[in-house]
Structure formats: structure tokens, C-alpha cells
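None of these values were measured; they are calculated from a predicted model. To find a chain, count down the sequence lines: A is the first, B the second, and so on, and within it residues start at 1.
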2 protein chains.
Amino acid sequence: MYRENRKKQTKADIVQHAISLFKQKGYEKVTVEEITNACGIAKGTFFNYFPKKEYILLHLTDSYMELLDHILHKYDGASLKDQILFIYRDLITLYAKYADLLRLTLEETIRFSIRSHTEQTNIMRFQKSLGAIIESAKNNGSFQSQWKTDQISSILTGLLINVLIHYSSPLDKAQMLEELKNQLNIVWEGIIHESMEENRKK
Amino acid sequence: MYRENRKKQTKADIVQHAISLFKQKGYEKVTVEEITNACGIAKGTFFNYFPKKEYILLHLTDSYMELLDHILHKYDGASLKDQILFIYRDLITLYAKYADLLRLTLEETIRFSIRSHTEQTNIMRFQKSLGAIIESAKNNGSFQSQWKTDQISSILTGLLINVLIHYSSPLDKAQMLEELKNQLNIVWEGIIHESMEENRKK
DNA sequence: GAAATAAAATGACCATAGTCATTTATGACC
DNA sequence: GGTCATAAATGACTATGGTCATTTTATTTC
């Protein structure tokens, strides 16, 4: 608890001014000194908070992640299919926002690199959380399937990736969500729901 | 065709010496000057071939890609399921090799970034090529399914991602392939083959 | 409230990524 | 084989990322 607030404040300052400058001139063109000048601190201080300039980008990713976690547990009460749809929707929105920030900020190559990193990490989290959600729906009896939880979450994650990949350049959120809904319906009717029917017959 | 060979030679030289040095000391610790000294060329020359130091890593990714393309069309004669299994196997081997190189070469954070980039790009290619393979199997009648090609390739790609993600740290190739085979069998029997049976009955 | 301790900020300093005007090598054409 | 045009190589130079020994600021203890 030692001087925690001061530290937090300084870090937040750096992040805030950095993002603002990145939006104006792009990541590459902004020097560390510009950032620290904007904050009214010495250059060296920056490196007490971020080991390398690049790490401030990873920090952005981390903030994004925290939002992701929130989304994944936001719809705990709803039916499984609804939960999934709501999560898809929120994720697309979040993703679009993040991608827009990166587009403003970064030059093509590094942007792709960072975004891949984010997506990759998100995919892991998403799939894991989806697994937990499915498992709990199975446990409380609201959802049944002969499919292993891992397989279902893998397929559902696949749908999301598929859509994110295909629509990555011009981010039309509505279109993406529509496509996801279609895909989900097909999968749901074709496999998951069908499996439920089978299970009921037994 | 103008002096192409000379250019190719210089570039190949740079790449070769760079990789060798990266393996010895790691990407970060190797300076551009070291690389050019090893090649017996001037520092400036490096930047005639790679706009930034970092781009030499992306070049590695590109080489890797070329191998991927080759793999994806290597088993054109075989049955669809065999093709997929063979491709899975080769991809895991290729992936392990690449991941090992990166592990030797790069420090954790940037490595993850670059690897994500590679995986992401590969996934797109893989899924697209898989689509083409499935489509052609459908066309020549050796494979039938009520499922849309996109859906199948999405699911099959999902399996691969799933395995790559879960086994990414300790790369046990045999284990990864075994898992993939199991998953493929379940999916194949459960969905794809079943659909074929239905189609045959009609 | 002075001394002791530890956290945080500082900025002079260095190493090197990347630039660019100039030079050198290569081949084409007569 | 001399002239011209273009590709490729050069290396002095600059800007900036990153280090680190030192100083300043905050907190605790008596």
C-alpha cells in the first residue's frame, strides 16, 4: 500500500498521454521523451513503469482483456444459446473498438503483430471461459449434449475466429454479428440441438 | 532479371548469418552491424534489404509460409480424411521446428507476438486451402456432406488451433498428433461421415 | 521533529537502429 | 572498348531507446 496511489497516478498519466499522442501521430513517430514531456516527468521515469516503449502497447492489450473477462461472465443467468449470442455481440463491439484504436495508432506491420497477439490470447481465454459456461449449463441440466465440452467450445470459438478473420479489414459490426448468428444457428440445429433430441429420446 | 542473382545472394547471406547469430545470442543482443560484419558488407546495405531490423523476423515467417503452401498441396491424391491427417502431421512438425527456432532466438514477449502473427496468418491460409481441398473432394464425388464447406473447414481448423494452443509450451509432437487424430475421428464419425451416410441413403 | 529507510524521479550518458547523399559495380548499347 | 544508365553498396551522421548512479520525496520510528 506504499505510495500505491502515486504510482498508479503516474502510470495512468503516462498511458493517457501516450494514447493521445499515438492517436495524433502514430506510435512510431511519438518519442518517449514527448510522452514524458507531456506528463511533465523525466524521461527515465517512463522506464520505471514500462521496461520498453513497446510494452505500453501490451498494456493496452491488457486493459482490453479485463473488459473481455467482464463480458464473459455478464450473462450468467441466460440460456446457453442466448449467452453465447450476447457474448458474441459484445465481443465484436469490443474488438471493433480495439481494432480502431490500433488502426489509428500503429503502422500496418506492427499493428498486425499486436492484434494477432491480442486475438490469440483472447481466443484462449474465450475458449476456456466458454468451456466453463457450457459445463455449468450441463451441470444445472439446462443444456445437454453428447458432445464433449471441449469440442463444443472449440467449434463455437472457431465460428468467432472465422468471422473475425473474414471481416477484419472493413469492420462492419452488424454484418459480422449477422453472419455469426447464422453460423451459430446452423451449428446449433445441426449438431448440438440434434444431440439434445437424441439424448432426450434415450 | 537484372542482377537478380546478386541481390538474392546478398539477401540470403544476410538471412543466413542473422539466423546463425540469433541462435548464438538471441535476436535482441545481435546488432545490425554484427550481422553485416559477418557478411562482409556495410551496415547500410542491410537496410536496402530489410526496412527495419524486425523485418528479418517476418522474413523467417514468410519462409515458413512457403513450406506451408507446399504441405497443403502435397497429398492431393489421397482421400479427404487422409489428406487432412497428413497435413495435420506435417503442420505440427513444421510448427514445432519454427517454434523451436523462435524459442532459441527471441525473448518471451516479442516471441509471442511474432508467433501469434505467424499462427494467425497460417490459420487464414490453412482454412482457405482446406476449403479448396474439401471443395475439390466434393466436386469429384469422393466426399459428400450436407455441411457447407466453410463450416467443415472452420471446424477442422478449430481442432488444429485447439491442439496448438493447449500444447504450445512443451511441444510434444506425438502427443499433439494423437490428440488431433482423436478429435478428428470424433468429428468425422459424429458429423461428417454421418452426413455422408444420410446422403447415400437418398 | 530529527534521523533513518525506502520508494520514486531524475537526467546525463551510451549504444545502435535507421537515413541518405555519395560512390562503386554491372550491364546495355553503339 | 568507351559512354551512359541504373542497380547496389557504402559509411558518416542523427535521433532516440534504454541504462544507471545519483538525488529528491515520502514514510516510518523513536
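In this structure, A:H70 contributes its side chain and A:E66 its backbone to no donor-acceptor pair below 3.5 Å.
The side chain of B:T45 lies closest to D:dT10 when the candidates are D:dA8, C:dA8, D:dT10. Comparing D:dA8, C:dT10, D:dT10 against the side chain of B:I41 picks out D:dT10 as the nearest. Distance from the side chain of B:K53 is smallest for C:dA17 among the nucleotides C:dA17, D:dG17, D:dA9.
Rounded to an integer number of Å, the gap from B:I35 CD1 to C:dA17 C1' is 11 Å. Distance A:F46 CZ to C:dA12 P: 20 Å, rounded to the nearest Å. At whole-Å resolution of the value, NZ in A:K8 and P in C:dA7 are 18 Å apart. Straight-line distance from the CG atom of B:N5 to the P atom of C:dT26: 13 Å, rounded to whole Å. Nucleotide C:dA17 holds its C1' atom 11 Å from the CD atom of A:E28, rounded to whole Å. Nucleotide C:dA17 holds its C1' atom 5 Å from the CZ atom of B:F47, rounded to whole Å. Summarising the geometry, the separation between NZ on A:K43 and P on C:dC13 is reported as 13 Å, rounded to the nearest angstrom. Between the CZ atom of B:F50 and the C1' atom of D:dA8 there is a distance of 15 Å, rounded to whole Å.
Judged purely by distance below 3.5 Å, without hydrogens or angles, the side chains of B:N5 and B:Q9 never pair a donor atom with an acceptor atom.
In terms of phosphate contacts, B:T10 brings a side-chain nitrogen or oxygen within less than 4.0 Å of OP1 or OP2 of D:dA9. For the OP1/OP2 pair of C:dA8 and a distance below 4.0 Å, the side-chain nitrogens and oxygens of A:K7 include at least one atom meeting the criterion. Regarding contacts with the backbone of D:dA9, a side-chain N or O of B:Y49 is found under 4.0 angstrom from either OP1 or OP2.
Between B:I71 and B:I87 the shortest heavy-atom distance is O-CG1, 4.0 Å. Of all non-hydrogen atoms in B:L68 and B:R125, the two that sit nearest each other are CD2-CB, 4.1 Å.
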For a quick test of your reading: what N or O donor-acceptor pairs under 3.5 Å do the side chains of residues 42-51 of chain A make, sequence neighbours left out?
from: A:T45; atom 1: OG1; to: A:A42; atom 2: O; distance (Å): 3.4

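Between A:N48 and A:T31, the residue anchored nearer the 5' end of DNA chain D, judged by the nucleotide with its closest heavy atom, is A:T31.
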